[in-house]
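Inspection log for the structure reproduced underneath, given as structure tokens.
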Amino acid sequence: MFQYTLVIAIFTLLISPILVFVLGKWNEHVAKWTAFLAVLTSAIFALLTIGDVLYLGAYTDTLGGFTLDLGAKALSINFILVADSLSLPIAGAIYVLALAVIMYSFGYMKEQKNLGLYYALLVLYVAGMIGVVFAGDLAYFYVFWELMLIPSYFIIANWGSKPNSVKIAFKYFIFTHVGAMAILIGIGGLWAFSDFGITGGALTMAGFALSSSVASSTIRLLTLLFIVGFSVKMAIFPLHTWLPDTHGEAPTPISAILSGVMIQTAAYAVLRICTDIIGIDGMGGWMRWVLIGFAVFTMIYGGVMAIAQKDTKRLFAYSSISQMGYIFFGLATFTAYGAIGSMFHIISHSLAKGSLFMVAGILMTQVGHHKGREIKKLGGLGLKMPITAIVATVAALSLAGTPPLAGFMSEWIIFSGGLAANDTLGIIAVIFAILSTALTATYVLLFLKDVFLGPVKEEYKDVKDPSPYMWIPLVTMAILSFVIGIFPKSALIFITNYVAPLFTGGS
Amino acid sequence: MNVFWILPIIIPLAGAALIGILGKIAKKESASWNLVYAVIANICLLAVLGILITFYTSLGSILSTELSWNIGPDVGATFKMDHLTWWLVLVFAILGSVVSIYSIKYIDQDDRIDRYYLLLLILVAGMIGVVMSGDMLTLFIFWETMSIASYVLVAFRKEQPEPIEAGIKYLFMSAFGSVMILFGMSLAYGITGTLNIASVGTIIATKFASGLSGVHYIIIASLIIGFGVKAAIVPLHTWLPDAHPAAPSGISAMLSGVVIMTGMYGMIYTLTSFFRPTGTNIGFILLWIAVITMIVGNLLALRQNDLKRLLAFSTVLNVGFILFGLSMALTGLDQDVALISVQGGWFHIFTHALGKGLAFLAAGAIIYRIEDRGLDRMEGIGRKMPWTITALTIALLSLAGVPPLPGFWSKLNIVLAAVSSGNWQYYVGIVLFLLSSVISVVYYLIVLQKLWFSEPQEHLKDVKETPIEILIPLYVLVIVMLIVSIIPGRFEILVKQAAEVAMLL
């Protein structure tokens with residue numbers, strides 16, 4: 001119907017940081033609203049594709065490309081952006097959280113310096129994530145993948161909690177970069193073993209075909225490279241160690257983005273690349289069970305560690321590890337239900353975890369930068385800050401999988417995926433997964449009890465709800481969580497369209 | 001013989017002579033005279049650049065011309081201007097012209113500036129001569145021209161002990177290398193009876209069709225060692241971390257960016273020309289030398305506190321990367337795959353010259369202000385000179401291989417080639433290659449976070465932004481890098497033609 005709407009959406013995000021930065025030198029209020037409007041404009045343009053996605057299945061924008069002459073072969077790199085039934089809902093989740101976080105930053109970051117640069121980098125960071133999701137070409141996928149890293153590194157290092165932020169950002173950069181190297185070899189391998197007759201040396205995702213003469217061990221090795229690379233970002237045990245530090249020390253709005261959507265772009269990429277492009281040859285057989293084993297272990301490990309935390313942000317960080325375990329479990333079952341559930345869980349988790357991190361941030365601004373993080377020192381705040389308490393309860397219950405919130409639907413579908421494999425190991429895995437849901441309920445309820453319930457402490461009698469900039473995004477997300485929980489079809493209709501055809505041939 | 005073809009050598013030499021004469025005429029040093037020298041040097045190098053572009057646009061098809069003056073059978077001078085030569089001269093000319101602008105302000109406190117520009121032009125002429133020579137004698141003469149100019153430039157600030165010490169170390173090691181080159185070349189002349197590099201290969205292929213034997217391996221070893229000293233492959237790299245930091249920063253950029261690459265060129269060009277027609281597998285030895293070079297360069301760079309020394313060790317690492325890519329030319333692997341790899345190697349020479357050149361120039365800009373090379377003394381300087389540190393950041397991110405900066409594209413070529421090679425040694429090699437790349441990111445980040453995120457110390461309180469005369473050349477290089485980032489495809493075509501020459505296709 002339209003043309004170049006996605007191109008406009010991406011380039012708005014790529015170019016506006018310059019404007020935001022320059023305006024920031026002059027007036028920081030103008031800069032922050034420019035950043036917000038840039039993301040909003042981009043979101044509106046991306047949303048324009050919804051008609052095509054619903055009725056035609058996908059919307060594609062191609063903006064030229066170029067060919068690298070590599071010896072007798074060629075590597076064609078095309079700037080293709082695709083909105084389809086999978087990428088659109090995930091991008092929607094990213095846009096919602098990004099807008100929420102920018103507005104939340106108005107209040108949270110107002111004490112900080114150099115805010116023009118902060119908002120510029122934040123918009124660039126969002127550009128990276130949106131680019132990863134919409135990229136229709138593996139080369140540009142990789143470019144955007146690295147674009148996610150650079151601005152977030154600078155934000156965490158410069159605005160994270162002192163004095164550790166620089167070290168933590170360093171760890172984050174190195175871990176992520178190692179993962180990216182594995183992905184780079186994987187992409188190289190896909191190119192090297194592709195069927196040049198069909199692809200013509202292009203890395204376009206749609207219609208990508210591996211050469212039929214490739215040994216299945218090679219395909220499995222490629223899958224493994226991608227899974228390892230993405231697992232770093234997804235923080236699957238034992239590649240998770242960067243996450244609690246990073247999410248704990250990053251400025252809270254960035255923690256919300258990191259936990260809420262960034263780490264989940266890796267889950268999206270697993271479905272897109274390992275399940276869709278490489279297909280059944282990569283993840284079948286014993287490998288599936290190994291991956292499920294890691295996923296289940298990650299869930300339980302994250303849950304147990306979360307219970308042991310005394311710091312709100314670290315609690316939510318470990319909780320994210322546990323939740324990524326669910327998402328990875330759904331993908332690793334390699335069934336339609338599992339994949340649908342995982343993608344749905346990305347959306348519900350982004351709403352819930354984004355809210356919870358922002359609640360942690362509100363506690364930090366309203367109670368005290370250090371005191372507000374220590375769960376045991378808080379208490380009885382529910383009556384003092386009712387809006388925050390209600391939002392926190394909604395998000396926490398959604399995370400714990402309470403109906404009718406969004407988290408319940410997604411976890412339920414993931415578990416169906418585990419059972420759909422229809423064998424003993426699958427059932428055992430699901431039993432462990434349900435056990436870890438109990439862990440989730442434990443740590444979120446303990447958090448609610450320790451922070452909001454109980455007698456009001458004397459020292460907190462002046463605490464109140466924050467400025468509207470900080471609670472409006474939270475309330476919006478809580479409402480969305482209800483809406484999606486009650487009408488899961490609003491998201492599922494898209495995801496199912498994409499996932500179902502993947503599994504009709506195999507499995 | 002058309003003299004037009006060797007203008008790229010003659011122009012810088014003529015410029016050097018002119019500067020020498022003007023230096024005699026000028027009774028005393030003054031800023032205006034210094035500007036005159038710099039402008040002459042810059043015009044010469046830009047003229048070379050212009051001539052190159054003329055060659056490519058109007059004479060592109062005959063860019064393989066070989067020209068010779070013979071004063072007797074097999075004695076004379078042979079020059080060539082093929083795509084490989086063209087590509088490298090392009091790199092030399094771009095970096096050389098940037099450095100000549102940069103030096104205007106950077107060395108304004110020094111005396112003997114006429115000699116600085118004279119030597120810079122001779123250095124560039126020597127390098128261009130090395131890559132233009134088609135026979136061993138000419139190559140050796142220009143090799144020594146280039147080397148002698150670089151010894152003096154390293155020790156240019158002769159009042160201080162460090163440059164003298166570094167210069168002497170460099171002189172000894174490099175002279176040893178030259179002897180080894182001469183030895184290998186004379187053996188090659190002995191067994192073939194010709195000085196022409198291309199003919200040596202064909203004669204070896206016909207005379208020793210059964211395969212290589214003892215004397216060939218001695219030639220190979222002496223060429224690898226001889227050129228390896230200049231190319232700074234481990235364990236012959238020890239002069240580099242002394243010489244590169246000791247030189248004035250503009251010269252450090254030239255040395256790290258391009259001078260050591262002539263060593264790489266010499267090694268690969270002679271070895272492929274001599275032995276590729278016969279068929280050889282010494283590429284695998286070079287591969288492992290490359291891997292060791294990467295690892296050693298990385299480990300030594302990790303703990304450096306001296307910014308220029310750190311960059312010098314990072315050059316050792318990048319020499320490993322380049323050798324990794326080029327080594328595939330000397331293996332029996334599939335020719336198409338090897339071509340990709342060799343292409344990546346030559347491309348990385350270009351992207352590394354841009355990245356490392358910019359990094360050294362930016363480091364020089366910091367040193368110009370604070371007169372200290374210690375990273376701990378520079379902490380927090382990003383707040384004081386943001387433009388300079390932004391340029392340094394772009395350079396280091398490019399060296400780290402962050403897309404879409406130039407360093408990414410050249411590394412991508414090498415990765416794609418190694419993954420396609422189907423050879424386990426290259427599979428293992430590429431994993432080590434990428435791990436080295438990650439380790440290099442570690443120390444690049446350490447530099448960046450010290451410069452950006454620390455609080456400025458007391459002694460940096462009055463530091464101002466770099467003078468505009470120094471910022472302009474920095475941002476010229478940044479613009480060139482952005483051009484390569486946006487249209488890597490154009491450059492890949494050029495470098496593919498260069499790789500085809502190196503592969504004797």
Side-chain angles (χ1 to χ4, degrees), chain A residues 65-77 113-114 117 139-147 149-150 153-154 156-160 162-163 165-167 169-194 201 218 221-222 225, chain B residues 334-344 347 383 393 397 400-405 408-409 411-422 427 430-431 433-435 437-439 441-442 445-446 448-450 452-454 486-497 499-500 503 505:
Chain A
F66 56 92
T67 305
L68 300 185
D69 287 295
L70 300 174
K73 289 181 175 178
L75 169 60
S76 300
I77 296 177
K113 274 184 261 173
N114 264 337
L117 186 59
Y140 277 103
F141 171 85
Y142 184 78
V143 171
F144 283 119
W145 187 261
E146 289 282 56
L147 182 61
L149 173 61
I150 308 289
Y153 165 78
F154 281 104
I156 295 170
N158 208 9
W159 289 277
K162 300 277 182 271
S165 61
V166 174
K167 276 188 219 153
F170 177 72
K171 187 175 180 184
Y172 164 65
F173 195 111
I174 299 299
F175 263 81
T176 316
H177 201 62
V178 172
M181 290 295 127
I183 296 166
L184 183 62
I185 303 187
I187 293 176
L190 282 184
W191 178 81
F193 300 116
S194 66
T218 313
L221 185 67
L222 283 179
L225 280 168
Chain B
D334 180 50
Q335 194 159 293
D336 289 342
V337 176
L339 190 57
I340 304 174
S341 181
V342 175
Q343 189 179 338
F347 198 15
R383 312 257 170 94
T393 307
L397 289 180
V402 171
L405 292 168
F408 167 71
W409 298 107
K411 281 186 192 171
L412 180 69
N413 275 13
I414 299 174
V415 170
L416 291 177
V419 173
S420 318
S421 68
Y427 284 166
I430 198 64
V431 172
F433 178 100
L434 288 175
L435 279 180
S437 181
V438 171
I439 295 172
V441 175
V442 171
L445 277 188
I446 290 176
L448 290 183
Q449 65 194 26
K450 277 191 176 154
W452 279 122
F453 304 125
S454 304
I486 295 166
I487 48 166
R490 286 298 307 163
F491 289 86
E492 292 273 10
I493 294 171
L494 300 174
V495 78
K496 178 186 163 197
Q497 293 165 333
E500 280 167 351
M503 297 275 291
L505 292 175

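All heavy atoms count here, side chains included; hydrogens, waters and symmetry mates do not.
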Toward chain B, the part of A/Ile150 with a non-hydrogen atom under 4.5 Å: side chain
Contacting region of A/Phe154 [heavy-atom separation from chain B under 4.5 Å]: both
Mutual orientation of the aromatic rings belonging to A/Tyr142 and B/Phe408 [parallel < 30°, tilted 30-60°, perpendicular > 60°]: parallel
Is any side-chain heavy atom of [X] less than 4.5 Å from a side-chain heavy atom of [Y]?
| X | Y | value |
| --- | --- | --- |
| A/Trp191 | B/Ser420 | yes |
| A/Phe170 | B/Val442 | yes |
| B/Val441 | A/Phe173 | yes |
| B/Phe347 | A/Leu68 | no |

Closest-packed option against chain A by number of heavy-atom pairs under 4.5 Å, given B/Leu434, B/Leu412, B/Leu445, B/Ile493: B/Leu445
Under 3.5 Å, which donor-acceptor pairs link side chains of residues 336-344 of chain B to any protein atom two or more places apart or in another chain?
from	atom 1	to	atom 2	distance (Å)
B/Ser341	OG	B/Gly325	O	2.7
B/Gln343	OE1	A/Gly71	N	3.1
B/Gln343	NE2	A/Asp69	O	2.5
B/Gln343	NE2	B/Glu492	O	3.4
B/Gln343	NE2	B/Glu492	OE1	2.8

Heavy atoms only: give me the nearest [X]-[Y] pair and the separation to one decimal.
| X | Y | answer |
| --- | --- | --- |
| A/Gly189 | B/Val419 | CA-CG1, 3.4 Å |
| A/Gly188 | B/Leu416 | CA-CD2, 3.3 Å |
| B/Ala400 | A/His177 | O-NE2, 4.0 Å |

Chain A heavy atoms under 4.5 Å from [X]: which part of the residue, side chain, backbone, both or neither?
| X | result |
| --- | --- |
| B/Ile439 | neither |
| B/Ala418 | neither |
| B/Tyr427 | side chain |

Reported NZ-to-CZ distance for the pair A/Lys167 and B/Phe453, which is rounded to 0.5 angstrom: 15.0 Å
Partner chain B: residue of A/Leu75, A/Asn114, A/Leu184 with the largest heavy-atom pair count (under 4.5 Å): A/Leu184
With sequence neighbours excluded, residues passing side-chain hydrogen bond (donor to acceptor under 3.5 Å, both in side chains) with B/Lys496: none
